[in-house]
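Here is how names work: the chains are called A, B, and so on, in the same order as the sequence lines, proteins then strands, and each is numbered from 1. The structure presented is a predicted model; accordingly, all values stated were derived computationally and were not measured.
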Amino acid sequence: MANLIEEARQAVDALLEKAFQKAIAAGEFEPADFPSGKVDIPKDSINGDYAANHAMAGAKSLKLPPRKIAETLAACLELEGSFFQKVEIAGPGFINFFLSSTWYGKVLETVTAEGVDYGRSGEGKGERVMVEFVSANPTGPMTIGNARGGVLGDALASVMDLAGYNVSREFYVNDAGNQVDLFGKSIEARYLQLVRGEDAVEFPENGYHGNDIRELAAALHDADGDKYISMDSDERCKIFIQFGLTRNTELMKQHLERYRINFDTWFFESALHDSGYVAETVKLLENSGCTYEQDGALWLRNTDFGADKDEVLRRENGFYTYYAVDIAYHRNKFIERGFDRVIDVWGADHHGHAIRFAASMTAPALGLKDKKLDFLIMQMVRLVRGDEVIKVSKRTGKALTLNDLMDEIGVDACRFFFNAKPDTHLVFDLDLAIRQDSENPVYYVQYAHARICSLIANLVSDGHAVPAGGINSQLLSSKQEQELIKQLAAFTEEVRLAARDYDPSRINHYVVELSARFHRFYASCHIKDAEPELLSARLLLCDCTRRVIANALAVIGVSAPEKM
RNA sequence: GCGCCAGUAGCUCAGUAGGAUAGAGCAACUGCCUUCUAAGCAGUAGGUCAGGGGUUCGAAUCCCUUCUGGCGUGCCA
């Protein structure tokens, strides 16, 4: 549960404050408050491992030039026994701290002691969080957009779990509404075409043209033949919808499992209708006076809550709109199920809705004042093949499915590739994806892991053992060794930031950098032929690296092979 | 029109709760395997951080503005 970066930062701050008080006592500074500065990790370690800007921040209150303040503070510092071995003054007045072997040793001890839990922190304080993601329409197979939303939501949930939140993953199944009716009519048309011939039956306008619809119709026809012909269309569609939704939902579960996503709950929209919860929620809004009737429909006066337009809750025909259902659904998440925070992972094509919807959720009648609703809006995936842009649409059935994609590039590459920063437009080149082999960074990372596993196995078979601790960390003195250890130490902090920013792609970059540092270490430091004490220390360093790569890959759902 | 997101090396992208000389991978070029996995390492070359203003000790990062691209602005979800 240790955040080693945070500990080092706090250590710098504490050392400086102590030096500051000492300087005042010695009459070097006029009495003043300790200037609040920032402790950063410089890009170039020539500027130290940690850099403090307190001297610049305190220039005004102390009425002294920053460099002078820095020099005085540095002179008063007591580094004996601390995480640091020396400081330097540089640039406009930075105080640069250089880590000591005490700290490097502590990092390896911590990783060893925490094992699979290394990276975990109590940052989230057990706050109950729901991440709702994918939630693909059950009217067809999942697409490449769901591939992105899937890893994003899943990895976000993992990162938040590790950061100490109590996280639940949910898939919302839209098994009601217009789209579902259209789905039924599409299957019906394909079924009738099977019986009466393709040209004898008209396909509904805006229907779902995908092959999966034909397959559903064929499955019905294979099983029950012409049995549904004589039936009333409404009744027939009801049966077809039931059949199609059940089958599609089952398929989505299978494919998501293959994609290594396991939802805690599958929540069905129909349940909100059947239990009267939608009606109850709308009534609540109606009673609070923030609705009005116009053109026979019931409207929510959303402009009262800061939105740019009002919304229809109930149509003239008495049916509730998706908007009303969404409000009910989110009220259910917070009120009935008690989540403190809900994060919805939505595509950018819903961002307008997200803004207006967030406004609606502040309606006092809903009683969600202390609750937090956040949206993780991910930009669209642009599908291209070389220079050609491929237009995808579930309706026209031209989409590349998630399952096809997993067949082509594998689950690991797929998860790694789609775990990109949410707010960048992702260009997915099919040509590139298909020949994505050793060019893919996922292999670079997996190779590092496999390399370490093999290395350790060889040493163990030579009679060496991974030490449980107690190594001489002073021996790990090369630049490559120290850079590697610093990266190991950063994992917990990286997880914290990924959770804070809702950006799990940070873990990708982290683990690529960690692997790079390992490869550099490996190329410059031999282990097998090192002196016993050094061999032991390096062996532990390798083992810790293996551990952290595995932990990081686990967070983003990518496998860590022992052999490649 | 208004709103959201983006624009960084030839390509794909890091870096954005202000920090020091803007980084990596791919592609190009040069080295390194009879010794722990060469799916690797070391090096060369590549930049008006879209343009312009501002804020300050300091701006790719914050503010304003222009341009370009994607998306939204449904009684679809």
Looking only at the aromatic ring of each residue, does the gap between the centers of A:Y277 and A:Y329 stay below 6.0 angstrom? no

Across all strands, who's sitting opposite B:G3 as a Watson-Crick or G-U wobble pair, both distances under 3.5 Å? B:C71

How many angstroms lie between atom SG of A:C414 and atom CD1 of A:I144, to the nearest 0.5 angstrom? 7.5 Å

Between A:R451 and A:Y522, is NZ or CZ placed under 6.0 angstrom from the six-membered ring centre and within 45° of the ring axis? yes

Flag as yes if A:F94 stacks onto the base of B:A20 (centroids under 5.5 Å, planes under 30°), otherwise no. yes

Check the distance between B:A24's C1' and A:Y444's OH and give it to me in whole angstrom. 9 Å

Just the atom pairs and distances: protein N or O near nucleotides 8-16 of chain B's N or O, under 3.5 Å.
from  : atom 1 : to     : atom 2 : distance (Å)
B:G15 : OP2    : A:K421 : NZ     : 3.1
B:U16 : O4     : A:K421 : NZ     : 2.2

How are the rings of A:F357 and A:W346 set to each other: parallel, tilted or perpendicular (split at 30° and 60°)? tilted

Is there a Watson-Crick or G-U wobble partner for B:G31 with both distances under 3.5 Å, and which nucleotide is it? B:C41

Close N/O contacts between protein and nucleotides 29-33 of chain B (under 3.5 Å):
none

Go through the N and O atoms of the side chain of A:R451 and the base of B:A39, and report whether any donor-acceptor pair is under 3.5 Å. no

Contact class for A:D501 (heavy atom, under 4.0 Å): base, sugar-phosphate, or nothing? nothing

Could you tell me how the ring of A:F521 sits relative to the ring of A:F518: parallel (under 30°), tilted (30 to 60°) or perpendicular (over 60°)? tilted

What does A:R356 touch in the nucleic acid at a heavy-atom separation under 4.0 angstrom: a base, only the sugar-phosphate, or nothing? sugar-phosphate

What side-chain hydrogen bond (donor to acceptor under 3.5 Å, both in side chains) pairs are there with at least one residue in residues 373-384 of chain A, not counting sequence neighbours? A:D374-A:Y502, A:Q379-A:H425

B:A77 P sits how many Å from A:Y329 OH, rounded? 16 Å

To the nearest Å, give me how far apart CG (A:N302) and P (B:G74) are. 13 Å

May I ask you to check whether A:H350 and A:D344 show a side-chain donor-acceptor distance below 3.5 Å? no

So, OP1 or OP2 of B:A77: does either fall under 4.0 Å of a side-chain N or O from A:N174? no

For a quick check of understanding: with a heavy-atom distance under 4.0 Å over all strands, which category does A:K563 fall into, base, sugar-phosphate or nothing? base

So, using side-chain contact (heavy atoms from CB on, under 4.5 Å) as the criterion, who are the partners of A:T492 when residues are at least two apart? A:N3, A:Y118, A:S121

Regarding A:N137 and A:T139, is there a side-chain donor-to-acceptor distance under 3.5 Å anywhere? no

OP1 or OP2 of B:C76 sitting under 4.0 Å from any side-chain N/O of A:R315? yes

Just how far, in rounded Å, is C1' of B:C36 from CG of A:L459? 6 Å

Show me the protein contacts with nucleotides 56-59 of chain B, counting only N or O atoms at under 3.5 Å.
none

d(CD, A:E88; P, B:A20) in whole Å: 17 Å

Within the 4.0 Å heavy-atom criterion, would you say A:D308 contacts the bases, only the backbone, or no part of the nucleic acid? nothing

Per the glycosidic torsion and the 90° limit around 0, nucleotide B:C63 is anti

What contact category does A:Q480 fall into here, base, sugar-phosphate, or nothing, at under 4.0 angstrom with non-hydrogen atoms? nothing

Side chains of A:S515 and A:Y447: any donor to acceptor distance under 3.5 Å? no

Roughly how many Å is it from CD in A:E513 to P in B:G25, rounded to a whole number? 10 Å

For A:A448, answer base if it contacts any base atom (sugar-phosphate contacts may also be present), sugar-phosphate if it contacts only those atoms, and nothing otherwise; contact means non-hydrogen atoms under 4.0 Å. nothing

Between B:A77 and A:Y322, counting only base atoms on the nucleotide and side-chain atoms on the residue, is there a donor-acceptor pair under 3.5 Å? yes

Just so I know, are the side chains of A:L541 and A:L488 near enough to count as touching, which here means a heavy-atom distance under 4.5 Å? yes

Indicate, with a heavy-atom threshold strictly under 4.0 Å, whether A:A450 touches base, sugar-phosphate, or nothing. base

Residue-level proximity of residues 519-543 of chain A to RNA chain B when a heavy atom falls under 4.0 Å: A:H519, A:R520, A:Y522, A:A523, A:C525, A:H526, A:I527, A:K528

Taking any heavy-atom pair under 4.0 Å as a contact, classify A:N47: base, sugar-phosphate, or nothing. base

Do A:L535 and A:R538 come within less than 4.5 Å of each other through their side chains, counting heavy atoms only? no

Take A:H353 and A:Y322, measure what side-chain contact (heavy atoms from CB on, under 4.5 Å) needs, and give me the verdict at the end. CA-CA 11 Å; A:H353 174 51; A:Y322 78 96; 3.6 Å; yes

Does any donor-acceptor pair link the side chain of A:D40 with the base of B:A20 at a separation under 3.5 Å? no

A:D412 and A:Q446: side-chain donor and acceptor closer than 3.5 Å? yes

Any Lys/Arg nitrogen of A:D543 or A:R546 sitting under 4.0 Å from an Asp/Glu carboxylate oxygen of the other? yes

